[in-house]
There are 2 protein chains.
Amino acid sequence: MSKHAKEMGVLKDHLGKHQLKFTRQRELILDAFLKQEHITAEEMYHQLARKDPHLGLATIYRTLNLFCEAGLAQARHFGTQTQYDNISHKGHHDHLICTGCGKIVEFENCDIERLQEEVASRNGFTIQTHRLELYGLCSRCRH
Amino acid sequence: MSKHAKEMGVLKDHLGKHQLKFTRQRELILDAFLKQEHITAEEMYHQLARKDPHLGLATIYRTLNLFCEAGLAQARHFGTQTQYDNISHKGHHDHLICTGCGKIVEFENCDIERLQEEVASRNGFTIQTHRLELYGLCSRCRH
DNA sequence: TCATTTTTGATACGGCTTATCAATTTCAAC
DNA sequence: GTTGAAATTGATAAGCCGTATCAAAAATGA
Ligand SMILES: [Mn+2]
Ligand SMILES: [Mn+2]
Ligand SMILES: [Zn+2]
Ligand SMILES: [Zn+2]
C-alpha cells in the first residue's frame with residue numbers, strides 16, 4: 001500500500017466524477033505535493049525536473065489547480081507567487097509569515113473566527129471566506 | 001484656504017525631506033485622491049482624463065506610490081488590481097468585501113488585533129503588518 | 001486493437017505594474 | 001527673470017506570473 005493511498009483515492013474519485021484521466025504526471029505531482037506543507041508551482045517544477053526533465057510548467061499549474069478542485073490543495077496568495085497549501089489532512093487555518101526568511105507557520109484561533117463573524121453580522125454581511133495573514137519576524141530573524 | 005490644505009502640507013513635508021518637487025500633476029492627483037475612500041490607478045486615470053487628457057498612467061502609479069510613502073495612502077491588494085486606500089484621516093482598519101457588488105466596508109476591532117498579537121507571540125513572532133479581509137455577501141446582495 | 005476523448009508540453013498571450021529614456025518642468029542660485 | 005542642475009513626466013517597452021492555444025501523445029474502455 002502506497003504512502004499516499006488515501007489522497008490518491010480522493011484524486012481518483014474526483015477524476016472519475018469529472019471524466020478526467022489518471023496520468024503518470026498527475027500521480028508524480030501528487031506524490032511530490034503531499035510531501036510539502038506549502039509550495040509554489042515554480043518550486044515544484046524545479047524539484048521534479050530531476051525525476052522528469054520533460055514535465056512542463058503548465059502541467060504543474062494545471063495539476064495543482066486540479067488538486068484545489070479535488071479539495072486536496074488550496075491556493076494562497078501570500079507574496080508575489082501563489083503558494084499551494086496542502087490541506088489533505090488539515091482543516092481551516094491561517095498563517096504567520098516571516099518577512100525575513102519566508103518561514104510560514106500555521107495557526108487556528110476560534111476566538112478570532114468568532115469575532116470575525118460578529119463584525120460581519122454587525123455590518124449585515126454573511127462571510128463566505130476570509131484571509132488572515134500576520135507578517136513579521138520569527139524569533140530567529142529578530143536576532 | 002484649500003479644502004485639502006492639511007494633506008497638501010503632509011505631502012510637501014515629505015517632498016521637502018526627500019529632495020522631491022511639487023508639481024502640477026502631484027497636486028491634481030492628490031486633490032482627486034482625497035475625495036475617494038479606495039481607488040485603483042486605472043479608475044483615477046479615467047477620472048482625471050477629463051481634467052488633463054495628457055496625464056500618463058505611469059504618473060498616476062508613481063504618484064499613488066509616493067502617497068503611500070508619505071503616509072497618505074496604503075496599497076491594498078483585494079482583487080486583481082491594487083486599491084489605494086485613503087488613510088489620511090483614518091487609523092488602521094480592515095475590510096469587509098462583498099463578492100456580489102464589490103462594496104467595501106471598513107472596520108476596526110481591537111479584540112481581534114489583540115488576539116493576533118497573542119497568536120504571534122505564542123509562536124515567537126513579532127508582527128510588522130497583517131491583512132484581514134472578510135469576503136461575503138452584503139445585505140442587499142443576499143436577497 | 002481501435003476509436004474517442006483527454007492530457008501534455010512548448011510557447012504565445014494577457015493583465016497589471018514598473019523600468020527606460022528623451023523631453024519638459026521645477027527651483028534654487030545668481 | 002535667467003540660468004542650469006536635478007527631478008519629473010509621458011509614451012511605451014519590458015517583466016512577472018499565470019492561463020490559453022494547439023498539435024502531438026497518452027489514456028480509457030468497447
Ligand atoms: Mn497552510
Ligand atoms: Mn480602507
Ligand atoms: Zn524568519
Ligand atoms: Zn453587495
Side-chain angles (χ1 to χ4, degrees), chain A residues 8 11-30 32-33 38-70 73-85 102, chain B residues 8 11-30 32-33 38-70 73-85 102:
Chain A
M8 208 60 83
L11 175 60
K12 284 187 177 171
D13 270 11
H14 179 84
L15 298 177
K17 284 180 188 149
H18 295 81
Q19 298 168 278
L20 303 174
K21 295 175 176 175
F22 185 73
T23 66
R24 185 178 58 76
Q25 289 88 339
R26 284 172 178 168
E27 185 174 12
L28 186 66
I29 295 171
L30 182 55
F33 177 67
H38 308 95
I39 193 165
T40 67
E42 205 87 32
E43 281 164 3
M44 176 150 290
Y45 180 60
H46 289 117
Q47 259 187 42
L48 290 180
R50 284 191 294 275
K51 295 205 171 187
D52 180 355
H54 294 294
L55 192 58
L57 183 56
T59 300
I60 307 261
Y61 273 108
R62 278 188 297 236
T63 304
L64 289 172
N65 289 337
L66 172 70
F67 295 169
C68 291
E69 280 152 26
Q74 199 165 313
R76 309 257 190 191
H77 308 273
F78 288 156
T80 165
Q81 277 181 272
T82 302
Q83 294 274 349
Y84 289 86
D85 193 337
Chain B
M8 208 61 82
L11 175 61
K12 284 186 177 172
D13 269 11
H14 179 85
L15 297 177
K17 284 180 189 149
H18 294 82
Q19 297 168 277
L20 303 175
K21 294 175 177 175
F22 186 73
T23 65
R24 185 180 58 75
Q25 289 89 338
R26 285 172 177 169
E27 183 174 15
L28 185 65
I29 295 171
L30 182 56
F33 176 67
H38 307 97
I39 194 165
T40 67
E42 205 88 29
E43 281 164 4
M44 176 149 289
Y45 180 59
H46 289 116
Q47 258 187 42
L48 289 179
R50 284 190 294 276
K51 295 204 169 185
D52 180 353
H54 294 295
L55 193 56
L57 182 56
T59 301
I60 308 262
Y61 273 106
R62 278 188 297 237
T63 305
L64 289 172
N65 289 337
L66 172 70
F67 294 169
C68 291
E69 281 153 25
Q74 199 165 315
R76 309 258 189 190
H77 308 274
F78 288 155
T80 166
Q81 277 180 274
T82 302
Q83 295 275 348
Y84 289 86
D85 193 338

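Proteins get letters first, then strands, A, B, ... in listed order; numbering begins at 1 in each.
Closest contact between the side chain of B:Asp52 and the listed nucleotides C:dC27, D:dG10, C:dT17 involves D:dG10. Considering only the side chain of A:Phe22, D:dT28 comes nearest among D:dC17, D:dT28, C:dG9. Closest approach to the B:Leu20 side chain among C:dT7, D:dT8, C:dA19 is made by D:dT8 (side chain taken as heavy atoms from C-beta onward).
In terms of heavy atoms, A:Phe33 sits closest to A:Leu64 at CD1-CD2, 3.9 Å. Nearest heavy-atom pair, A:Ile60 versus A:Ala41, reported as atom, atom and distance to 0.1 Å: CG2-O, 3.7 Å.
As judged by a 4.0 angstrom heavy-atom cut-off over every strand, A:Glu42 is placed among residues making no nucleic acid contact. Within the 4.0 angstrom heavy-atom criterion, only backbone atoms of the sugar-phosphate kind lie near B:Leu55; the bases stay farther away.
Under 3.5 Å, the side chain of B:Lys21 and the base of C:dT25 form no donor-acceptor pair of N or O atoms.
Side-chain contact check for B:Glu42 versus B:Leu57: some heavy-atom pair is nearer than 4.5 Å. Between A:Glu27 and A:Phe22, some side-chain heavy-atom pair lies under the 4.5 Å cut-off.
A donor-acceptor pair is defined here as one N or O able to donate and one able to accept, closer than 3.5 Å; such a pair exists between the side chain of A:Arg26 and the backbone of A:Lys21.
Using a 4.0 Å cut-off on heavy atoms, the residues of residues 59-70 of chain B that approach DNA chain D are B:Thr59, B:Arg62, listed by number.
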